[in-house]
Participant: 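This structure is in C-alpha cells; I'll ask about it shortly.
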Amino acid sequence: MSYGVRDLADRIRQRLEELSMSAREASIAAGGSPDMIRNIFRAAEAGRRGAPRVETLEALASVLRTNVDWLLTGGGDPKMLDAPRPVAVPRGGLPVALAGTVEPGVWRSSGGSAPGPTLPQIPSFADLPQSGYEIRGHFEQRYLLRDGMFAIALALGPYREKHGDLVSGDLVVLQRERDDEERELTIRRVAVAGDAVKLESLVSGHPEITVPRGSDASDNSRIVGVVAAAVAYFRS
C-alpha cells in the first residue's frame with residue numbers, strides 16, 4: 001500500500017464526510033489552527049511531498065475516529081465507533097470545571113484534587129451539567145483515549161431524564177471507593193444484558209463490574225457521568 005499527501009487528503013475527506021464534520025471543525029477539535037486540514041488539502045493539490053508531524057497525525061486520527069495507519073496507508077478498518085466523538089469546542093462560553101483524573105488501576109485520596117485547567121463546555125449539551133476529567137494511562141487503541149487528553153462527561157441523572165437509560169456502547173466515568181478513603185476514577189464501556197448493566201474495562205486484565213439496570217451504583221462503585229466527548233490535545 002502506498003502513502004502520499006494526496007492519499008492522506010482523500011482519506012481525511014472520506015472520514016469528514018462519514019462523520020458529517022467540516023475541515024475547520026475537525027482541525028479545531030484536533031488542537032490545531034482552523035486551517036490545519038485545509039493546509040494538507042492545499043499541499044496535496046500542489047503535489048508537495050512530506051507527511052505532517054506524528055503528533056498532528058495522531059490528533060487527526062483521534063478526531064476522525066480512526067487510526068494513523070489507515071490515514072497513511074489505507075490498511076485496516078478506518079472506523080473506530082466505540083470511541084467518543086471529539087468535538088470542536090469554542091474558546092469562550094461557559095467553563096467546565098475539572099472534576100478529577102481518570103486512570104485505570106490508580107487509587108487517589110478522595111479528599112480533593114489539585115485545581116486544573118478550565119475546559120470549554122460542549123454547546124450541543126449546554127442544557128446538561130458537564131464535568132471534565134483529565135485522562136492518564138493507556139486504554140485500548142480502538143477507544144482513542146490517549147494520555148493527556150480530557151473527557152467531558154454529562155451528569156447521569158439529567159442525562160437519563162433527557163436521553164433515556166444507558167445503552168450498549170456508551171462510555172461512562174466510573175468511581176470506585178475503598179475503606180482507606182481512596183478512590184479510582186476510570187472510563188468503562190456499557191454492555192446491557194437483561195436487567196443488568198456490565199461495565200467493561202477498556203484496559204486488558206481488569207474485571208468487569210455489574211450494576212442493576214436503571215441504577216448508577218453497586219457496592220463501592222458508582223457511575224458519575226456519561227462521556228460525551230474527548231478533547232484532543234486541549235490547549236488552555
Side-chain angles (χ1 to χ4, degrees), residues 18-19 58 61-70 76-87 99-108 110 122 125 128-178 182-232:
E18 292 171 346
L19 295 171
E58 289 181 342
S62 293
V63 168
L64 298 175
R65 300 170 80 187
T66 185
N67 56 82
V68 173
D69 179 62
W70 182 82
D77 187 351
K79 299 180 181 180
M80 290 189 171
L81 299 182
D82 279 327
R85 174 174 174 167
V87 297
T101 300
V102 294
E103 186 170 7
V106 176
W107 295 80
R108 293 181 169 86
S110 59
I122 304 175
F125 292 104
L128 297 177
Q130 302 180 24
S131 298
Y133 295 88
E134 183 179 11
I135 296 172
R136 290 294 178 193
H138 300 281
F139 296 83
E140 291 182 18
Q141 182 183 6
R142 65 190 176 111
Y143 295 104
L144 301 178
L145 299 171
R146 304 180 188 278
D147 188 282
M149 292 174 65
F150 292 85
I152 298 180
L154 312 173
L156 182 59
Y159 175 86
R160 273 202 177 107
E161 292 176 4
K162 188 172 182 63
H163 298 283
D165 207 359
L166 299 172
V167 298
S168 295
D170 284 342
L171 297 184
V172 297
V173 178
L174 180 72
Q175 176 176 302
R176 296 198 297 161
E177 298 178 343
R178 58 189 187 186
E182 288 188 331
R183 70 177 187 177
E184 176 206 32
L185 286 170
T186 188
I187 295 177
R188 296 259 178 159
R189 182 183 185 276
V190 169
V192 177
D195 293 332
V197 172
K198 297 180 179 180
L199 303 177
E200 301 172 340
S201 177
L202 312 190
V203 179
S204 60
H206 290 209
E208 68 181 26
I209 293 172
T210 301
V211 300
R213 190 169 185 179
S215 175
D216 63 353
S218 180
D219 297 329
N220 296 326
S221 302
R222 180 167 62 93
I223 299 171
V224 296
V226 181
V227 177
V231 182

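What you see is a predicted model, and the numbers here were worked out from it, not measured in a lab.
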Participant: Within the 4.5 Å heavy-atom criterion, are Val227 and Val173 side-chain neighbours or not?
Facilitator: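 With C-beta onward as the side chain, the pair touches.
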
Participant: List in chain and number order the residues that pass side-chain contact (heavy atoms from CB on, under 4.5 Å) with Asp69, two or more places apart in sequence or in another chain; answer none if no residue qualifies.
Facilitator: Asn67, Thr73

Participant: For residues 168-177, which residue pairs pass the side chain to side chain donor-acceptor pair (under 3.5 Å) check, not counting sequence neighbours?
Facilitator: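 For residues 168-177: Gln175-Glu177, Gln175-Arg183, Arg176-Glu184.
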
Participant: Identify each donor-acceptor pair in which a side-chain atom of residues 128-138 lies under 3.5 Å from a protein atom, sequence neighbours left out, and give them as a table.
Facilitator:
from   : atom 1 : to     : atom 2 : distance (Å)
Gln130 : OE1    : Ile122 : N      : 3.0
Gln130 : NE2    : Ile122 : O      : 3.1
Gln130 : NE2    : Phe125 : O      : 2.9
Glu134 : OE2    : Arg136 : NE     : 3.1
Glu134 : OE2    : Arg136 : NH2    : 2.5
Arg136 : NH1    : Asp147 : OD1    : 2.8

Participant: Compile the donor-acceptor pairs under 3.5 Å between side chains in residues 192-208 and protein atoms, sequence neighbours left out, one pair per line.
Facilitator:
from   : atom 1 : to     : atom 2 : distance (Å)
Glu200 : OE1    : Arg189 : NH1    : 3.4
Ser201 : OG     : Val203 : N      : 3.0
Ser201 : OG     : Val203 : O      : 2.9

Participant: Side chain to side chain contact (heavy atoms under 4.5 Å, CB included) for Asp216 and Val211? Distances and angles first, verdict last.
Facilitator: CA-CA 7 Å; Asp216 63 353; Val211 300; over 6 Å; no

Participant: Give every donor-acceptor pair under 3.5 Å between a side-chain atom in residues 150-163 and any protein atom, sequence neighbours left out.
Facilitator:
from   : atom 1 : to     : atom 2 : distance (Å)
Arg160 : NE     : Asp165 : OD1    : 2.8
Arg160 : NH2    : Asp165 : OD1    : 3.3
Arg160 : NH2    : Ser215 : O      : 2.8
Lys162 : NZ     : Asp127 : OD2    : 3.2

Participant: Taking all non-hydrogen atoms of both residues into account, name the closest pair between Gly100 and Leu185 and its distance.
Facilitator: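 That would be CA-CD1, 4.1 Å.
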
Participant: Applying side-chain hydrogen bond (donor to acceptor under 3.5 Å, both in side chains), name anything that partners Arg213, two or more places apart in sequence or on another chain.
Facilitator: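 Checked Arg213 against side-chain hydrogen bond (donor to acceptor under 3.5 Å, both in side chains); zero matches.
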
Participant: Looking at Glu103 and Arg108, is any side-chain nitrogen of the basic one under 4.0 Å from a carboxylate oxygen of the acidic one?
Facilitator: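 Judged by the 4.0 Å cut-off on N to carboxylate O distance, Arg108 and Glu103 do form a salt bridge.
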
Participant: Hey, what do you get for CG (Leu174) to OG (Ser221), rounding to the nearest 0.5 Å?
Facilitator: 5.0 Å

Participant: Just jot down the side-chain contact (heavy atoms from CB on, under 4.5 Å) partners of Val68, sequence neighbours excluded, or say none.
Facilitator: Leu57, Glu58, Ala61, Leu72

